[in-house]
2 protein chains.
Amino acid sequence: MTEKEHQRYRARAKVIKALGHPTRLFLVDQIAHEEKCVCELTQLVGADMSTVSKHLAILREAGIVEDEKRGLQVFYRLRVPCILNLFTCVEGVLKADAKAQAAAAR
Amino acid sequence: MTEKEHQRYRARAKVIKALGHPTRLFLVDQIAHEEKCVCELTQLVGADMSTVSKHLAILREAGIVEDEKRGLQVFYRLRVPCILNLFTCVEGVLKADAKAQAAAAR
DNA sequence: TTCCTATTTGCCATTTTAGGAAAATAATTT
DNA sequence: AAATTATTTTCCTAAAATGGCAAATAGGAA
C-alpha cells in the first residue's frame with residue numbers, strides 16, 4: 001500500500017468509523033427523514049447531553065450530518081442520504097449470518 | 001433507545017466498525033474480485049503477518065469475509081458484495097466535503 | 001443586566017483498539 | 001521424524017475512543 005493509497009483509505013475509514021457506533025447509528029436513523037435538535041435527540045438516546053453532542057460532532061466532522069443553529073437550539077440533519085442504503089447492506093450481512101448459523105446448527 | 005433497539009444497533013455497529021480501518025478497507029478492496037491468501041495480502045499491506053491475520057479475523061467475525069484453508073494457505077474472499085456500494089457512498093461524502101470546502105473558501 | 005435554557009468543551013477514569021515479537025498450530029516436504 | 005512454510009494466538013505496550021461531570025459559551029427572556 002503506497003502512502004497515497006493509505007491516505008485515501010484513511011479518509012474513507014474516517015467516514016465509516018464515524019458510523020461504527022450504536023448510538024451514532026441510532027442518531028443517523030433519527031434524523032434520516034427530518035432534522036432534530038440536540039435536546040430531542042438527547043432524550044431519545046437517553047444519555048448525557050454532552051455525550052450526544054460529542055457523537056453528533058463526530059458525525060459532522062465525518063461529513064455525514066450538518067447542523068444549523070436556530071435560536072437556542074442546534075438542529076442536525078443528514079447530509080448524505082445514501083448512507084441509508086448502507087443500512088440495507090448491513091442488514092444483509094446480519095441476515096446472512098443468521099442463515100449460516102442455522103445451517104451450521106443443522 | 002430501548003434495550004432491544006440498542007442490541008440491534010450494536011449488531012449493526014459491529015459490522016460497520018469492522019470496516020472502519022484503513023487496512024481493513026484495503027483488504028476488502030483486494031479480495032473484492034478474487035480470493036487471496038494471507039501471505040499475498042500481507043505483502044500487499046506491508047505489515048506484520050500477525051497484524052494482517054488479526055484484521056482479517058475481525059472482518060470474518062463481522063460476517064464480511066469468509067475464509068477457506070487449502071493446504072498450507074488460507075484464502076479469504078468477500079462474503080457480501082453489497083459492501084462495495086458502500087464505498088461509492090463514502091466517496092460521495094468525501095466529494096461533498098471537497099465541494100463544501102471549495103465553497104467555503106470562495 | 002440578570003436569569004434561564006441549549007449546547008459545547010475540558011478534564012478525567014475506564015475501556016477498547018492496534019500492532020509487533022515471540023510462541024503455538026497446522027499442513028507439507030525432505 | 002525433522003525441517004519448512006503459512007497462519008493464528010498470546011503477550012505486552014502505546015494510542016485512541018467512550019462517557020459522565022463540571023465549567024464555559026451563546027442566545028433569549030424577564
Side-chain angles (χ1 to χ4, degrees), chain A residues 1 3 5-7 9-28 30-31 34-62 64-77, chain B residues 1 3 5-7 9-28 30-31 34-62 64-77:
Chain A
M1 199 165 21
E3 178 50 39
E5 275 182 310
H6 195 272
Q7 212 173 330
Y9 281 108
R10 210 172 337 159
R12 291 179 183 172
K14 186 187 172 188
V15 177
I16 297 174
K17 188 151 51 162
L19 291 167
H21 187 286
T23 300
R24 294 196 289 268
L25 282 182
F26 177 78
L27 288 169
V28 168
Q30 289 303 313
I31 63 174
E34 47 170 2
E35 61 175 23
K36 282 178 181 155
C37 66
V38 182
C39 50
E40 184 177 353
L41 292 168
T42 296
Q43 285 189 301
L44 292 167
V45 170
D48 199 280
M49 183 181 268
S50 70
T51 300
V52 174
S53 174
K54 275 181 276 193
H55 279 306
L56 288 166
I58 290 171
L59 289 170
R60 172 161 34 77
E61 278 155 36
I64 295 165
V65 306
E66 56 189 7
D67 63 335
E68 187 184 333
K69 182 158 198 171
R70 289 205 298 277
L72 278 178
Q73 300 171 320
V74 178
F75 292 87
Y76 280 84
R77 55 172 169 267
Chain B
M1 200 165 22
E3 179 51 38
E5 275 182 310
H6 195 273
Q7 210 174 334
Y9 282 108
R10 209 173 338 162
R12 290 179 182 172
K14 185 187 173 187
V15 176
I16 298 175
K17 188 150 53 161
L19 291 166
H21 188 286
T23 301
R24 294 196 288 267
L25 282 181
F26 176 79
L27 287 169
V28 167
Q30 289 304 313
I31 62 174
E34 47 169 3
E35 61 175 21
K36 283 179 180 152
C37 66
V38 181
C39 50
E40 185 177 352
L41 292 169
T42 295
Q43 285 190 301
L44 292 167
V45 170
D48 200 281
M49 183 182 268
S50 69
T51 300
V52 174
S53 174
K54 275 181 281 191
H55 280 307
L56 289 165
I58 289 170
L59 289 170
R60 172 161 33 79
E61 277 155 35
I64 294 164
V65 306
E66 56 188 6
D67 62 336
E68 186 183 333
K69 182 157 200 173
R70 290 206 295 278
L72 277 179
Q73 301 172 322
V74 177
F75 293 86
Y76 280 83
R77 55 173 170 265

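Every chain is numbered from 1 and lettered A, B, ... according to where its sequence line falls, protein lines coming before strand lines. For the numbers below, each heavy atom of this structure counts, side chains included, while hydrogens, waters and symmetry mates do not.
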M49(A) CE to dC4(C) C1', straight-line distance once rounded to whole Å: 14 Å
Atom pair distance, as rounded to whole Å: CG in L27(B) and C1' in dG19(C): 14 Å
Sugar-phosphate, base or nothing in reach of R70(A), heavy atoms under 4.0 Å: nothing
Give each protein N/O atom lying under 3.5 Å from an N/O atom of nucleotides 9-16 of chain D, with the pair distance.
unit_1, atom_1, unit_2, atom_2, d
dT10(D), O4, K54(B), NZ, 3.2

Stepwise salt bridge (Lys or Arg N to Asp or Glu O under 4.0 Å) check, K14(B) with E61(B): CA-CA 9 Å; K14(B) 185 187 173 187; E61(B) 277 155 35; 5.4 Å; no
NZ or CZ of R70(A) within 45° of F75(A) ring axis and under 6.0 Å: yes
H55(A) side-chain N/O to dA17(D) phosphate OP1/OP2 under 4.0 Å: no
Upstream residue (5' side of DNA chain C) when V38(A) and G20(B) are each assigned their closest nucleotide: V38(A)
Proximal nucleotide (of dA6(D), dG27(D), dT7(C)) relative to the Q73(A) side chain: dT7(C)
Flag, side chain of R24(A) to backbone of A18(A), donor-acceptor distance under 3.5 Å: yes
Working for salt bridge (Lys or Arg N to Asp or Glu O under 4.0 Å), residues R77(A) and E68(A): CA-CA 9 Å; R77(A) 55 172 169 267; E68(A) 187 184 333; 2.9 Å; yes
Whole angstrom value for the distance that separates C1' of dT17(C) from CD of E61(B): 14 Å
Atom-pair distance (CD on E35(A); P on dT7(C)), nearest Å: 12 Å
Check: T51(B) side chain, A47(B) main-chain N or O, donor-acceptor pair, under 3.5 Å: no
Interatomic distance, D67(B) CG vs dA26(C) C1' [rounded to whole Å]: 14 Å
Rounded interatomic separation in angstrom, taking CD from E68(A) and P from dT8(C): 13 Å
Interatomic distance where CG belongs to L72(B) and C1' belongs to dA3(D) [whole Å]: 13 Å
For atom NZ of K14(B) and atom C1' of dT16(C), their distance in whole Å: 14 Å
H21(B) side chain near dA17(D) phosphate (N/O to OP1/OP2, under 4.0 Å): no
Aromatic ring pairing Y9(A)/F26(B), orientation class (parallel under 30°, perpendicular over 60°, tilted between): perpendicular
Touch class at under 4.0 angstrom, heavy-atom based, for Y76(B) against every strand present: sugar-phosphate
Under 3.5 Å donor-acceptor, K36(A) side chain and Q30(A) backbone: yes
